[in-house]
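Have a look at the structure below, then the notes.
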Amino acid sequence: MNKMIYLDHAATTRTLPEVTEAMEPYQDIYYGNPSTIYEFGEKSREAIEHARRIIAKTIRARPEEIYFTSGGTESDNWALKEAVHLYEHLHNGKKGHILTTPVEHHAILNSCVELNRMNCGVSYLHVDAGGRVVLSDVEEAISEHENTCLMSVMYANNEIGTIEPIDELGRMAKKRKLLFHTDAVQAYGHLPINVQRDNIDMLSASAHKFGGPKGVGFLYIRKEINLPAFVHGGAQESSRRAGTENVPGIVGMGVAAELAHRRMRIESRRIRYLRDYLSYRILQEIPDVIMTGNRKFRLANNASFCFKGITGEAAAILLDTQGICVSSGSACSTGSMEDSHVLTAIGLDSEWAQGAVRITLGAENTKEEMDYVAEKLKMVVADMRGIS
Ligand code: PLP
């Protein structure tokens with residue numbers, strides 16, 4: 001097989017051809033600034049509002065509740081930092097307290113570190129061996145600090161694919177009058193989301209994870225929440241996120257959102273079948289391997305494993321020489337040999353955690369590729385174990 005086999009869709013996805021095509025005119029034909037008053041600018045403005053309507057519909061929100069950002073990291077920073085500022089503002093400067101989990105993306109974890117440095121409290125909810133929040137501990141964790149103002153729990157995990165019990169967490173947050181934010185960067189476009197049903201107050205998403213371009217995303221903010229502005233400047237995004245809009249990016253994200261939702265059911269069934277086939281082969285044919293994450297509540301495209309006695313980093317490099325792109329742990333922490341914080345949080349010791357390989361499938365993968373990957377992985381693991 002001489003073409004590249006891309007199996008790192010949790011890191012990023014290929015921009016869909018329909019998306020590129022829709023974006024193109026907004027680069028060189030309709031390049032007007034959406035804030036201008038003439039008709040040329042109106043064209044850009046209308047394209048932005050069209051994308052906003054599409055995206056709002058996909059999560060059962062209202063268009064005015066969608067705010068365009070530069071991606072998941074910015075959306076997460078905005079939600080957390082400004083929810084805490086809002087609490088302080090409403091409570092005469094009193095510091096708030098955040099509840100989150102130890103398996104979040106660094107966009108959340110490092111925002112929490114920063115908030116903690118500014119004297120905001122942070123607690124981490126317990127997760128089980130599959131990385132799911134232990135619901136029976138949540139009520140107590142909320143009660144522990146009377147100034148708890150926000151609960152932020154990811155919709156689905158970027159390393160192990162585990163889907164969190166968002167509906168129940170949303171219900172608990174509502175009952176206890178906390179703001180509820182979810183980082184849905186890995187879930188949006190892959191799972192049906194309903195912010196009304198699940199009592200979600202804020203939700204982060206990123207276009208490049210579902211066939212859209214890089215550097216654009218959105219934050220959903222429930223209308224009733226007076227979340228302060230994050231980027232100060234002009235009046236864009238209702239004066240809450242200033243800066244000339246990334247018009248082509250927003251247009252592309254709208255098209256990607258529509259396509260992802262239209263194809264979701266059929267696509268996830270096909271990908272789940274391929275994922276299960278590959279996983280079965282790996283678990284049957286390679287000794288000393290475990291699949292990480294929850295088996296039932298799991299993104300359809302995620303197959304993550306830990307192989308004993310090897311390093312995932314070296315395995316990914318060797319697979320690359322065979323034309324296969326996979327990730328060792330999280331793509332965002334590639335380059336670091338530290339154990340993944342997610343794998344540590346689910347109780348894996350270093351011997352297992354060092355051998356983490358994350359395979360995430362996408363629209364273009366085939367069964368033939370799964371067979372090729374299973375064979376090459378078997379070979380790479382055996383070689384590495386022979387050497388070590
Ligand atoms: N949150 C999660 C769960 C992610 O997986 C990622 C990216 O991998 C991000 C946030 C950051 O998103 P972005 O790359 O758009 O900044």
Side-chain angles (χ1 to χ4, degrees), residues 6-15 19 55 66-81 100-114 124 127 131-133 152-164 166 169 181-191 193 200 202-220 230-231 241 246 249-250 252-253 256-257 260 292-294 297-302 304 325-336 340-343 345-346 356 358-362:
Y6 185 74
L7 287 169
D8 201 14
H9 292 84
T12 198
T13 59
R14 183 208 287 270
T15 306
V19 169
I55 288 167
I66 305 297
Y67 293 83
F68 295 122
T69 66
S70 64
T73 301
E74 184 187 328
S75 299
D76 285 346
N77 271 263
W78 185 359
L80 264 60
K81 291 175 181 172
T100 186
T101 81
V103 295
E104 301 294 313
H105 188 270
H106 282 112
I108 295 289
L109 293 179
N110 287 337
S111 293
C112 286
V113 168
E114 181 58 18
Y124 299 89
V127 295
R132 276 198 121 208
V133 167
S152 177
V153 176
M154 68 201 319
Y155 211 110
N157 189 274
N158 47 302
E159 293 191 32
I160 56 177
T162 297
I163 300 168
E164 296 294 343
I166 293 300
L169 291 166
H181 167 254
T182 185
D183 173 343
V185 167
Q186 293 291 337
Y188 181 85
H190 303 278
L191 293 173
I193 295 177
I200 297 167
M202 294 175 283
L203 176 143
S204 308
S206 179
H208 74 105
K209 308 289 187 179
F210 57 93
K214 293 168 182 61
V216 61
F218 69 88
L219 179 66
Y220 152 77
F230 190 50
V231 179
R241 198 279 187 183
N246 172 1
I250 292 168
M253 177 162 64
T292 49
N294 189 295
F297 301 104
R298 185 183 193 97
L299 290 172
N301 76 339
N302 180 291
S304 44
C325 300
V326 299
S327 166
S328 60
S330 167
C332 302
S333 53
T334 299
S336 125
S340 136
H341 67 280
V342 174
L343 300 180
I346 62 172
R358 179 188 71 179
I359 299 171
T360 45
L361 285 68

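Both ligands and their constituent atoms are indexed starting at 1 by order of listing.
- Applying the 4.0 Å criterion to heavy atoms of Gly71 picks out, from ligand 1, the atoms 15 (O).
- Counting atoms of ligand 1 from 1 in the listed order, those under 4.0 Å from a heavy atom of Thr73 are 11 (C), 12 (O), 13 (P), 16 (O).
- Relative to the six-membered ring of Tyr6, Arg14 misses at least one condition, a distance below 6.0 Å or an angle of at most 45° to the axis.
- For the pair Met154/Ile108, no side-chain contact is recorded, criterion being any heavy-atom separation below 4.5 Å from C-beta on.
- For ligand 1, the polar-atom distance check against Gly72 finds a nitrogen or oxygen pair separated by under 3.5 Å.
- Residue contacts with ligand 1, taken as heavy atom pairs separated by less than 4.0 Å, involve Val185 solely via side-chain atoms from C-beta onward.
- Between atom OG of residue Ser111 and atom CD of residue Glu74 there is a gap of 11.0 Å, rounded to the nearest 0.5 Å.
- Near Asp76, the atoms of ligand 1 lying under 4.0 angstrom from a non-hydrogen atom of the residue are 1 (N), 10 (C).
- By the 4.5 Å heavy-atom criterion applied to side chains, Phe297 and Glu164 are not counted as neighbours.
- Atom numbering of ligand 1 starts at 1 in the shown order; those under 4.0 Å from a heavy atom of Asn158 are 3 (C), 5 (O).
- Counting heavy atoms only, Asp183 comes closest to atom 1 (N) of ligand 1 of the residues Asp183, Thr12, Ile108.
- Annotation for ligand 1: atoms under 4.0 Å from non-hydrogen atoms of Ser206 are 13 (P), 15 (O).
- Here the rule is side chain to side chain contact (heavy atoms under 4.5 Å, CB included) with Val342, and of Ile160, Val127, Asn158, Thr101 only Ile160 fits it.
- Proximity of Asn157 to ligand 1, defined as any heavy-atom pair under 4.0 Å, is not found for any part of the residue.
- Pairs passing the salt bridge (Lys or Arg N to Asp or Glu O under 4.0 Å) check and including a residue from residues 101-114, sequence neighbours excluded, read Glu114-Arg117.
- The OG atom of Ser206 sits 9.0 Å away from the CD atom of Gln186 when rounded to the nearest 0.5 Å.
- Contacts between His208 and ligand 1 below 4.0 angstrom, taking non-hydrogen atoms only, involve the side chain exclusively.
- The closest approach between a heavy atom of Lys209 and any atom of ligand 1 is below 4.0 Å.
- The line from CG of Leu80 to CZ of Phe230 is 10.0 Å long, rounded to the nearest 0.5 Å.
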